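Only one structure is covered here, and it is reproduced in the block below.
Small disclaimer: the values here were computed from a predicted structure and weren't measured.
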Amino acid sequence: MTAFKLSDAVETLGAHTLRVVRGGQGPLVLFLHGFGITADMWRLTLPALAEAGYSVLALDLPGHGASFRPRRPMRVQDLARVVGEVLDALGAADVRLVGNSLGGAVSSEVALALPGRVRQLVLVNALGLDAHIPLFQRRNYWTDLLLPSAAQIVGGPRPWIWRRLQRMIYYAPERVPADVLVLRYPGGWRHNHVGRGLVGWGVLGQLATRRQRLAFAQGRAGLTTPTLIVWGEDDQLLPVAHAYAGQALIPGAQLRVFARCGHAPNIEYAAEFNQALLEFFRSA
């Protein structure tokens, strides 16, 4: 892993106080993480792109990490609005967006709202490309996600909780570098706990029914931004079928599927993922 230096600070961007990890000079690439995670999920990608000549910036989304706590539930559109205001504050008229899971849904919403400002879009195991989420059809959703998450909220982190959550995120947890922080927070699990809850409540309310999820997914057909979809073939949270559905929905979308990979190919296959991003960005 490269030793490229990144700054990590809480900044005021427009009307919002957000944690920002940034570095490099060149065309701007903005990274958005998934629900319950922080900008740290991009630690294996940011230095590689900065060294390749890009200005990289990863945010803690509202209600996450060291960013501000919302005062009410936030939907995908609310999160996208904050990202748009951040771009205004940065004076960024030309940006490449990369989003994982919930961050992918937010990124696609930003690209729909600001098509003239988003040059390229990368959706990594992104929420919102298919209406079918097998929440009540797979046992591991309960044993390795919902029940451990509830236990952590009540009693705090425990080794068994961490092992089960890892099984949902990664195909091979043993491959993940020890310093990658996903679902582990420097400020502790309860840091911005209410904020995460408000975001989760807002997104859940927006996408609770199949009809709502279908309407959201069909909205992605309006994307005009060149798009790359990246997925882990063995994702336990959002099945790889979502990737193929997204490719069919989004005009001209490219697709890269990583075999023996879970919900975060940018972590399990960091070098290959970084190379895929660079090839896509240079193709424009």
Within the side chain of [X], is there an N or O that forms a donor-acceptor pair under 3.5 Å with the backbone of [Y]?
{"X": "Asn125", "Y": "Ala264", "answer": "no"}
{"X": "Asp78", "Y": "Arg75", "answer": "yes"}
{"X": "Ser67", "Y": "Arg19", "answer": "yes"}
{"X": "Asp94", "Y": "Gly116", "answer": "no"}
{"X": "Asp234", "Y": "Arg260", "answer": "yes"}

Atom pair CG/CD of Leu123 and Gln254 - distance to nearest 0.5 Å: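 Result: 12.0 Å between the selected atoms.
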Output the distance between atom CD1 (Ile267) and atom CD1 (Ile169), rounded to the nearest 0.5 Å.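 One gets 8.0 Å once the value is rounded to the nearest 0.5 Å.
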Hey, do the aromatic rings of Tyr171 and His263 have their centres closer than 6.0 Å?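 Tyr171 vs His263: aromatic centres not under 6.0 Å.
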Could you check whether atom CZ of Arg119 has more than 12 heavy atoms from other residues, nucleotides or ligands sitting under 6.0 Å from it?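 No.
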Under 4.5 Å between side-chain heavy atoms, counting indirect links through other Ile/Leu/Val/Met/Phe/Trp/Tyr residues: same cluster for Val106 and Trp201 or not?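 No; Trp201 is not reachable from Val106 via cluster members.
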For residues Gln77 and Gln206, is any side-chain donor paired with an opposing acceptor at under 3.5 Å?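 Per modelled atom types, Gln77 and Gln206 side chains form a pair under 3.5 Å.
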For the residue pair Arg220 / Ser108, report whether a side-chain donor-acceptor contact shorter than 3.5 Å exists.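 Per modelled atom types, Ser108 and Arg220 side chains form a pair under 3.5 Å.
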Could you walk me through whether Asp130 and Arg210 pass the salt bridge (charged side-chain N to carboxylate O under 4.0 Å, His left out) test, one step at a time? CA-CA 9 Å; Asp130 193 299; Arg210 178 178 177 81; 5.4 Å; no
Can you classify the ring geometry of Phe35 versus His64 as parallel (below 30°), tilted (30 to 60°) or perpendicular (above 60°)?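 Rings of Phe35 and His64: perpendicular, over 60°.
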Students often mix this up, so state it plainly: with edges at 30° and 60°, are the rings of Trp231 and His242 parallel, tilted or perpendicular?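 Judged by the thresholds at 30° and 60°, the geometry between Trp231 and His242 is tilted.
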Taking side chain to side chain contact (heavy atoms under 4.5 Å, CB included) as the criterion, tell me which of Leu59, Val86, Val20 meets it with Glu11.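 Option passing the side chain to side chain contact (heavy atoms under 4.5 Å, CB included) with Glu11: Val20.
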